[in-house]
Every structure is written in C-alpha cells, then in structure tokens.
Peer 1: 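Following this message is one structure expressed as structure tokens.
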Amino acid sequence: MLAVRLPASLEKRLAALSVKTKRSKSYYVKKALEDFLEDQEELQEAVAAYEEFLASGRKGSTLEEMKKRYGFE
C-alpha cells in the first residue's frame, strides 16, 4: 500500500478525468506509474548500452556515413 499526497491542482484534474471517463483515480495513477517506470527502465538500459559502447573503444558512424552505406542519399 502506498499513500501519495498530490497538489490540489493535480488532484482536481485527476478527479475530473475520473468522473468524465468513469474510471477510478487509482486506475490512472497505476497507469501513469507503470508508464513512467517502463520509460525509466528503458532509459537505464539505453544508458548502460551506450556506456558499454564507449568503454569498448569501437568506432561509431555518423548519420551521413550510415546514409551512404545503406543508399539513403
């Protein structure tokens, strides 16, 4: 169980959306948290992959080099 205090303006917006869509406020809070956590997890994976690439010393390619290589000029 988790209790969260929201600013009045955010609570008002959440309540209005809940009434308008006939979905619970909890539904929207859970959905928002799930989406946020997924985004943050993907960001952490991307940062780790980039750091691994940098540490490897491999040479990257510019966008222009990739366009030429794959015929997208």
Side-chain angles (χ1 to χ4, degrees):
M1 183 63 157
L2 175 69
V4 178
R5 290 189 181 162
L6 300 175
S9 60
L10 193 54
E11 167 65 28
K12 186 176 179 180
R13 289 173 59 197
L14 180 60
L17 181 62
S18 177
V19 169
K20 185 176 183 178
T21 61
K22 296 180 175 50
R23 288 196 180 260
S24 70
K25 292 187 285 184
S26 291
Y27 167 83
Y28 288 110
V29 171
K30 287 178 201 173
K31 180 70 175 139
L33 185 55
E34 286 172 358
D35 291 347
F36 174 81
L37 290 174
E38 185 176 300
D39 289 348
Q40 292 302 306
E41 290 162 350
E42 288 177 2
L43 175 62
Q44 292 304 310
E45 289 176 15
V47 168
Y50 181 64
E51 289 173 348
E52 182 180 324
F53 170 76
L54 291 177
S56 75
R58 295 188 312 245
K59 180 187 176 298
S61 300
T62 67
L63 177 59
E64 292 306 313
E65 291 169 338
M66 296 299 288
K67 285 180 179 179
K68 284 181 184 177
R69 183 180 303 158
Y70 294 104
F72 289 107
E73 286 192 74

Peer 1: Each residue besides Leu43 in its hydrophobic cluster should be listed here, by chain and number; the cluster joins Ile, Leu, Val, Met, Phe, Trp and Tyr at side-chain heavy-atom distances under 4.5 Å.
Peer 2: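 Val47, listed by chain and number.
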Peer 1: Considering only residues two or more places apart or on different chains, which pairs with a residue in residues 49-63 satisfy salt bridge (Lys or Arg N to Asp or Glu O under 4.0 Å)?
Peer 2: Lys59-Glu65
Peer 1: State which residues pass side chain to side chain contact (heavy atoms under 4.5 Å, CB included) with Arg5; sequence neighbours excluded, sorted by chain then number.
Peer 2: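 Listed in chain order: nothing, the list is empty.
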Peer 1: Would you mind listing the cluster partners of Phe53? Hydrophobic ones only (ILVMFWY), side-chain contacts under 4.5 Å, chaining allowed.
Peer 2: Tyr50, Leu54
Peer 1: With sequence neighbours left out, what residues match Phe36 under side chain to side chain contact (heavy atoms under 4.5 Å, CB included)?
Peer 2: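 Partners of Phe36 by the side chain to side chain contact (heavy atoms under 4.5 Å, CB included) criterion, ordered by chain and then number, come out as Gln40.
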Peer 1: Checking Leu17 now: which residues fulfil side chain to side chain contact (heavy atoms under 4.5 Å, CB included) with it, not counting sequence neighbours?
Peer 2: Thr21, Tyr28
Peer 1: With sequence neighbours excluded, what pairs up with Leu2 under the side chain to side chain contact (heavy atoms under 4.5 Å, CB included) test?
Peer 2: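 Leu2 satisfies side chain to side chain contact (heavy atoms under 4.5 Å, CB included) with Val4 once adjacent residues are dropped.
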Peer 1: Can you list every pair that meets salt bridge (Lys or Arg N to Asp or Glu O under 4.0 Å) and has a residue in residues 29-45, with sequence neighbours left out?
Peer 2: Lys31-Asp35
Peer 1: Not counting sequence neighbours, which residues clear side-chain hydrogen bond (donor to acceptor under 3.5 Å, both in side chains) with Ser9? List them please.
Peer 2: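 Partners of Ser9 by the side-chain hydrogen bond (donor to acceptor under 3.5 Å, both in side chains) criterion come out as none, since no residue qualifies.
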Peer 1: Salt bridge (Lys or Arg N to Asp or Glu O under 4.0 Å) with Lys25: which residues, sequence neighbours excluded?
Peer 2: Glu11
Peer 1: How far does CZ of Arg69 sit from OG1 of Thr62, to the nearest 0.5 angstrom?
Peer 2: 9.0 Å
Peer 1: List, by chain and then residue number, the residues other than Phe72 in its hydrophobic cluster (Ile/Leu/Val/Met/Phe/Trp/Tyr, side-chain heavy atoms under 4.5 Å); write none if there are no others.
Peer 2: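 Taking Ile, Leu, Val, Met, Phe, Trp and Tyr as members, Phe72 shares its hydrophobic cluster with Met66, Tyr70.
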Peer 1: For Lys67, which residues count as a salt bridge (Lys or Arg N to Asp or Glu O under 4.0 Å) partner, sequence neighbours excluded?
Peer 2: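 Here the qualifying residues are Glu64.
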